[in-house]
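Bear in mind that the values here come from a model prediction, so they are computed numbers and not experimental data. In what follows, chains carry the letters A, B, and so on, assigned in the order in which the sequence lines appear, proteins first and then strands, with residues in each chain numbered from 1.
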Amino acid sequence: MRIATWNVNSVRSRISRVEALVERHDIDVLALQETKARDDQWPLMGLQAMGYDVATLGFNQWNGVALVSRVGLEDVQRGFSGMPQWGEPLADEARAIGATCGGVRVWSLYVPNGRKIDDPHYVYKLDWLARLRDAAKPWLDADTALVGDWNIAPLDEDVFDMAAYAKDTHVTPPERAAFKAFLDDGYVDVVRPHTPGPGVFTYWDYYRQRFERNRGMRIDFVLGSPSLAGRVTTAFIDRDERAGQGASDHAPVVVDLD
DNA sequence: ATGGTTGGCTCCCAA
C-alpha cells in the first residue's frame, strides 16, 4: 500500500496535477493540505472517475484538508477531539481529517503556520500541537499515520540556512520540542531514514528562485505508530513535482507499506 | 531589515 501527503496549495488550481500524481505513482491514499476549497467547491469528479473516494474538510478560502483513497475511506473524522469548536477565536480553520483506509488510520494534518513568534497564531500553533499530541497517544497501538504539513523544521539540517530563519517560526525550540514530543511518545519519522539530509527538503518558497537553488525546508512528514513504522519499505520525496510552471510550493512525500 | 511570488478574493490577506 502506498500513502502520500502533499500540501497542494489550492486543489482547484492544481487538480490536474493531483490526478497526474496519483496516476504517476500509483498512489492508494493521498492526504492533501491547503486545499483552499470549501467542501462544495471541491473538484471531485476526475478522482472519482479514477476510482477514488474523497473526504474533504474546508469552509473558507484558507487551509483545508482532504483524504483521497481507493482502498476504503471509513470512519471519517473531521477534526480531532481536542480541536477548538467552530466559532471560537482562531477556530475558523480546517486542519485535520482522519479516516481508516485499507486498515490504516490516516490523518491529514495542516499544522498552524504560526506566522511570527509574537503573533497569537504562534501560541495557537503550540497549543494545537499539544492537543493533537494528547489525542494521538491512544492511536499508538494501532496502524496510524500522522501525515501532512507540520510547519516545523525539526533539525538544523532541515533548513537551507539557519541564519536566515533564526528569528522566525518553524525552527524555534518550543516548536521543535512540540515535534519531538511525538517521537518521544513513540511515533517514528518513517521518511527520513530513506531520504537522509542535509539538503533534502519538502518546501521551497516561490520567490527568489528558492527551488532552483535548493534553498528550502523539510517541514512535511509522515509519522508512523510503531506497528506502521515496521511496515514501511521505502519512502521518497517527489522533488520533480515542485519543478516547472504551476507547481505547488511543496513536494509530495510518498511512503510504501508492505 | 527587507523583499520576493503565488492563490483566492476583493480592493489585501495568508503563506
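To the nearest angstrom, P of B:dA14 lies 17 Å from CG of A:D168. Between A:R215 atom CZ and B:dG4 atom C1' there is a gap of 13 Å when expressed in whole angstrom units. A:Q209 places its CD atom 19 Å from the P atom of B:dG3, with the value rounded to the nearest Å. One interatomic measurement links the two molecules: CD of A:Q61 to P of B:dA14, which rounds to 10 Å at whole-angstrom precision. Here the P atom of nucleotide B:dT6 and the OH atom of A:Y203 are 12 Å apart, to the nearest Å. What separates CZ of A:R210 from P of B:dG3 is a distance of 14 Å, to the nearest Å. We find that CD of A:Q33 is positioned 18 Å from P of B:dG7, with the value rounded to whole Å. In this entry the distance linking OH of A:Y165 with P of B:dT2 reads 17 Å, nearest Å.
Applying the side chain to side chain donor-acceptor pair (under 3.5 Å) test between A:E241 and each of A:H250, A:R24, A:H25, A:R14 identifies A:R24 as the sole match.
Applying a 4.0 Å cut-off to non-hydrogen atoms, the residues of residues 108-116 of chain A that approach DNA chain B are A:Y110, A:N113, A:R115, listed by residue number.
A:F182 places a side-chain heavy atom less than 4.5 Å from the side chain of A:R133.
Considering only the side chain of A:S13, B:dG7 comes nearest among B:dC9, B:dG7, B:dG3. Nearest to the side-chain atoms of A:R208 among the listed nucleotides B:dT6, B:dA15, B:dT2 stands B:dT2. Distances were taken from every side-chain heavy atom of A:N63 (C-beta onward) to each of B:dT6, B:dA15, B:dC13; the shortest belongs to B:dA15. Among the nucleotides B:dG3, B:dG7, B:dC9, the one closest to the side chain of A:N9 is B:dG7.
Heavy-atom distances to DNA chain B give each of A:N7 and A:R38 a nearest nucleotide, and the one nearer the 5′ end belongs to A:R38. Between A:V11 and A:D205, the residue anchored nearer the 5' end of DNA chain B, judged by the nucleotide with its closest heavy atom, is A:D205.
For the pair A:D149 and A:R95, the salt-bridge criterion is not met [side-chain N within less than 4.0 Å of a carboxylate O]. One finds no salt bridge joining A:K167 and A:D118 here, because no Lys/Arg side-chain nitrogen approaches an Asp/Glu carboxylate oxygen to under 4.0 Å.
Rounded to a whole angstrom, the distance from the P atom of B:dC9 to that of B:dA14 is 14 Å. Rounded to the nearest Å, the gap between the P atom of B:dG3 and that of B:dC13 is 15 Å.
The aromatic rings of A:F179 and A:F221 sit tilted relative to each other, their planes meeting at an angle between 30° and 60°. Ring orientation note: the planes of A:F80 and A:W128 are nearly perpendicular, at an angle over 60° on the 30°/60° scale.
Using a 4.0 Å heavy-atom criterion, one finds that A:R14 contacts the sugar-phosphate atoms exclusively.
Both A:V188 and A:V147 are members of a single hydrophobic cluster when ILVMFWY side chains are connected at heavy-atom separations under 4.5 Å.
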